[in-house]
Trainee: 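Following this message is one structure expressed as structure tokens.
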Number of protein chains: 2
Amino acid sequence: MTIKTKAQKGLALPLNQILGGDCIDVMNSLPAESVDLIFADPPYNLQLRGDLHRPDNSKVDAVDNDWDQFDSFAVYDAFTRDWLKAARRLLKPNGAIWVIGSYHNVFRMGAELQNQGFWILNDVVWHKSNPMPNFRGKRLTNAHETLIWAGKSESSKYTFNYEALKALNEGIQMRSDWMLPICTGHERIKDDNGDKAHPTQKPESLLHRVLLGTTNPGDVVLDPFFGTGTTGAVAKMLGRDFIGIEREESYRKVATKRIAKVRKFDNEALQVSTSKRAEPRVAFGVLVERGMLRPGEELYSLNGRHTVKVRADGTLSSDDIKGSIHQVGAHLEGAPSCNGWTYWQFKREGQRVPIDLLRQQVRAEMAKHA
Amino acid sequence: MTIKTKAQKGLALPLNQILGGDCIDVMNSLPAESVDLIFADPPYNLQLRGDLHRPDNSKVDAVDNDWDQFDSFAVYDAFTRDWLKAARRLLKPNGAIWVIGSYHNVFRMGAELQNQGFWILNDVVWHKSNPMPNFRGKRLTNAHETLIWAGKSESSKYTFNYEALKALNEGIQMRSDWMLPICTGHERIKDDNGDKAHPTQKPESLLHRVLLGTTNPGDVVLDPFFGTGTTGAVAKMLGRDFIGIEREESYRKVATKRIAKVRKFDNEALQVSTSKRAEPRVAFGVLVERGMLRPGEELYSLNGRHTVKVRADGTLSSDDIKGSIHQVGAHLEGAPSCNGWTYWQFKREGQRVPIDLLRQQVRAEMAKHA
DNA sequence: TTCACTTGTGAATCGCGAT
DNA sequence: AATCGCGATTCACAAGTGA
């Protein structure tokens, strides 16, 4: 892959380059209906208040960049409307778009996509295997981001490599929930000070799945919020042409250097990006939620000496202790630890059955469908 | 639990009943600021637009299907705006709402929630362990639905049972992605013909997690799209009061019968793990007053680097600072804050013991005499 | 080379009550 | 209404260190 241009409706289409400037202006300068796919990771409009510290008192390095500041939803909506309109003009009639966001902005993007006539094909959840925890215990761990995949219009004959994604997923249809780790370690690009070069660098595994599944080799992929160029890097690996637009010169520099080092796809790279799947865990509380065990129901210890009751939150209670299946078992046995899964039994039709049997049922289901 | 009413701002609040009629009208007839939580599973599908209302409350004629796509969204948006507004009026200032939807409608609901001043706390992905496959192989298997959890306003002190959800998840904080099976088998209610009674019955496991995590026993939970009454059934099990609104008489009948059969879990089972925040506050000075620590006695920091002396008024002193256990700890560590209870230790029989142990003794005594 | 242990960090809308 | 002080709160990895 080299830098090149394509003649397109009388205007030159710059390929495999990173263009500077405001993405709306730049998009409007490019020829209409010339791009096969757009991948867009716009500012999320996080509205952070004060500093946040971890329990060990270290400070969280938050996304406080100027480019993520908007005065109101109205201003953010106008921005979204404008860049989506410019993006839509660039798409070929059978083109498609991916956008990514969090609950701060994704509802507004999704609604505007629909308003402009894009046709949503799927929303896709990127489940992070290693998200940042909720340090204050005030909400659920924010463990996912949302992508929206939409055709330019209802009648667009979009590209979907069904078999390729099925193969990626070990022979089972690819689902709308993707478990992938966040971008860390050597993949995370550092600046000269050793700090992260960009606060929100996306993992290559994510773009790999997007581009493999919804473009063909030789397609033109445009990313209007290019950042450090993950889209370009993966496009090059996979033999697609890219156009990047990025306002900040520092990001453009990093991305240029990064992409120059990329070699076109080899099998090993595919292996890496597909093998990073995390094992599901089964919590005892899930058995209660699913009605496999009822709150108030009694469990019996393996040796028959102890009886406890199940509580609605998946803890056990006896006269003198409450806690997890493991904690209560250990306490009652006077042991330092105890595997509650094999220690506790419940009754069905007069028979005692180990609770581990229920866990196996849940596991089997998860394995079938994960 | 029995059918009852609560006097609320001069108007009766009907509890544990299913009210017939249009949900917007019914909600507007109930007293303002009387409900702790709303769970709403509104129609997803724009095919139902014939049953929707225009902004001027006139009914849309389903047969007159001249609507282009753009108009359909406008009508759906008006419907969403109206029922959310009515719901918002019913919520107590510290109340919260859950809505559930798919990519067809959830972006519009999320945006409207934000527009009305609700404050999004999390979006939650219900990741289905057994979704229906995509038979035609044209898209990704649609394997999830999205819930949005929002406070009535940014300043709402919403209920969040952090420890209970953490216990439910085996000691690890609950994430924003929930793997639960869809409603099938015996849980799925059948009509007299043996067909499913309702097309989109939600699993009880989903409501169990929602209600356990974001309400307290005795709270009032309203569901304006009650259907076959999963919200009511789980509310009853968990000792919460519910108000259901459902337009279709056939669904009301099914739900009534279903809920009558539900038994409340016993109170012991409903006790969930609580956070330390809920425990009574103990002043460090009390330990000195009670002779558990003597003025002049030395305390040692967790890391062994600092030694300070206890003073008679319950402050600590070192060479260069005097103040509370927290202030002195924070100063010596150069940290913005410090929990003195876990930071400081005293000596008994040669052993170092955290001062938090003494606080626990005081709390145990307080509980005995309360 | 391996293992055990320590340190660092990631798109975060992350208190509450008394005064 | 705004301020102030108590005091509660983290998961999965990757990289580095030292024996």
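Labels below follow one simple rule: chain letters A, B, ... track the order of the sequence lines, proteins then strands, and each chain is numbered from 1.
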Trainee: Do the ring planes of A/F284 and A/W341 sit parallel (below 30°), tilted (30 to 60°) or perpendicular (above 60°)?
Mentor: perpendicular

Trainee: Donor-acceptor check, side chain of A/D313 to backbone of B/L168, threshold 3.5 angstrom: yes or no?
Mentor: no

Trainee: Under 4.0 Å from OP1 or OP2 of D/dA8: is there any side-chain N or O of B/R359 that close?
Mentor: yes

Trainee: Counting only side-chain nitrogens and oxygens, does B/R277 get under 4.0 Å of the OP1 or OP2 atom of D/dG7?
Mentor: no

Trainee: Using OP1 and OP2 only, check whether a side-chain N or O of B/H326 sits under 4.0 Å from D/dG7.
Mentor: yes

Trainee: Hey, which of these two, A/G185 or A/N134, hits DNA chain D nearer its 5' end, going by closest nucleotide?
Mentor: A/N134

Trainee: Which part of the nucleic acid, if any, lies within reach of B/S337 when heavy atoms closer than 4.0 Å are counted: base, sugar-phosphate only, or nothing?
Mentor: base

Trainee: Looking only at atom P, what distance separates D/dG7 and C/dT19, rounded to whole Å?
Mentor: 14 Å

Trainee: Specify whether A/Y251 and A/H198 have parallel, tilted or perpendicular ring planes, treating 30° as the upper limit for parallel and 60° as the lower limit for perpendicular.
Mentor: tilted

Trainee: Please report the distance, rounded to the nearest Å, between CZ in B/F284 and P in D/dG5.
Mentor: 18 Å

Trainee: Using whole Å, report how far CG of A/L140 lies from P of C/dA12.
Mentor: 16 Å

Trainee: When the C1' atoms of D/dG5 and C/dA12 are compared, how many Å lie between them, rounded to an integer?
Mentor: 25 Å

Trainee: In whole Å, what is the span from the CG atom of A/N105 to the C1' atom of C/dA12?
Mentor: 14 Å

Trainee: A/L46 has an atom CG; how far is it from atom P of C/dC14, in whole Å?
Mentor: 10 Å

Trainee: OP1, OP2 of C/dG10 versus side-chain N and O of A/T184: anything below 4.0 Å?
Mentor: no

Trainee: Contact class for A/T141 vs. all strands (heavy atom < 4.0 Å): base, sugar-phosphate, or nothing?
Mentor: nothing

Trainee: Rounding to a whole Å, what distance do you find between A/R139:CZ and D/dT9:P?
Mentor: 17 Å

Trainee: Would you state whether a donor and an acceptor, one from the side chain of A/K202 and one from the base of C/dA11, lie under 3.5 Å apart?
Mentor: yes

Trainee: At less than 3.5 Å, do the side-chain atoms of B/S275 and the base atoms of D/dA8 form a donor-acceptor pair?
Mentor: no

Trainee: Is A/E145 paired with A/K128 through a side-chain N to carboxylate O contact shorter than 4.0 Å?
Mentor: yes

Trainee: Between A/D195 and A/L48, just flag the one whose closest nucleotide in DNA chain C comes earlier from the 5' side.
Mentor: A/D195

Trainee: Between C/dC14 and D/dA12, how far apart are the P atoms? Round to whole Å, please.
Mentor: 22 Å

Trainee: What pair of heavy atoms forms the shortest contact from B/V308 to B/L332, and how long is it?
Mentor: CG1-CD1, 4.2 Å

Trainee: Go through the steps for B/Y158 and B/W149 under the test ring-ring contact (aromatic ring centres under 6.0 Å, His included), then give the verdict.
Mentor: CA-CA 10 Å; B/Y158 55 91; B/W149 174 39; 5.4 Å; yes

Trainee: Judged by each residue's nearest nucleotide on DNA chain C, which is more toward the 5′ side, A/D61 or A/R49?
Mentor: A/D61

Trainee: What do you reckon, do B/W119 and the base of C/dT13 stack, with centroid distance below 5.5 Å and planes below 30°?
Mentor: yes

Trainee: With C1' as the reference atom in both, quote the distance from D/dT17 to C/dT1 in angstrom, rounded to an integer.
Mentor: 15 Å

Trainee: Nearest whole angstrom, please: distance from the P of C/dA12 to the CG of A/N45.
Mentor: 15 Å

Trainee: Does C/dA11 have a Watson-Crick or wobble partner in any strand here, with both distances under 3.5 angstrom, and which is it?
Mentor: none

Trainee: A/D64 has an atom CG; how far is it from atom P of C/dG10, in whole Å?
Mentor: 12 Å

Trainee: Between A/F79 and A/F70, how do the two ring planes meet: parallel, tilted or perpendicular, split at 30° and 60°?
Mentor: tilted

Trainee: Mind running a 4.0 Å heavy-atom check of residues 152-167 of chain B against DNA chain D and sending the residues that fall below it, in number order?
Mentor: B/Y162, B/E163, B/K166

Trainee: Could you give the distance separating D/dT10 and C/dT9 at their C1' atoms, to the nearest angstrom?
Mentor: 12 Å

Trainee: Who is the Watson-Crick or G-U wobble partner of D/dT10, with both distances under 3.5 Å?
Mentor: none

Trainee: Distance between the P atoms of C/dA11 and D/dA15, in whole angstroms?
Mentor: 15 Å

Trainee: Considering every strand shown, what is the Watson-Crick or G-U wobble mate of C/dC16 when both distances are under 3.5 Å?
Mentor: D/dG5

Trainee: Any side-chain N or O of A/N142 less than 4.0 Å from the OP1 or OP2 oxygen of C/dT13?
Mentor: yes

Trainee: Which one is paired to D/dG16, where only Watson-Crick or G-U wobble pairs with both distances under 3.5 angstrom count?
Mentor: C/dC5

Trainee: When only distance counts, do a donor and an acceptor, one from the side chain of A/R54 and one from the base of C/dG8, lie under 3.5 Å apart?
Mentor: no

Trainee: Could you work out, with side chain to side chain contact (heavy atoms under 4.5 Å, CB included) as the rule, every residue matching B/K157, not counting sequence neighbours?
Mentor: B/N94

Trainee: Heavy-atom nearest nucleotide on DNA chain D for A/N130 versus A/N57: which residue maps closer to 5'?
Mentor: A/N57

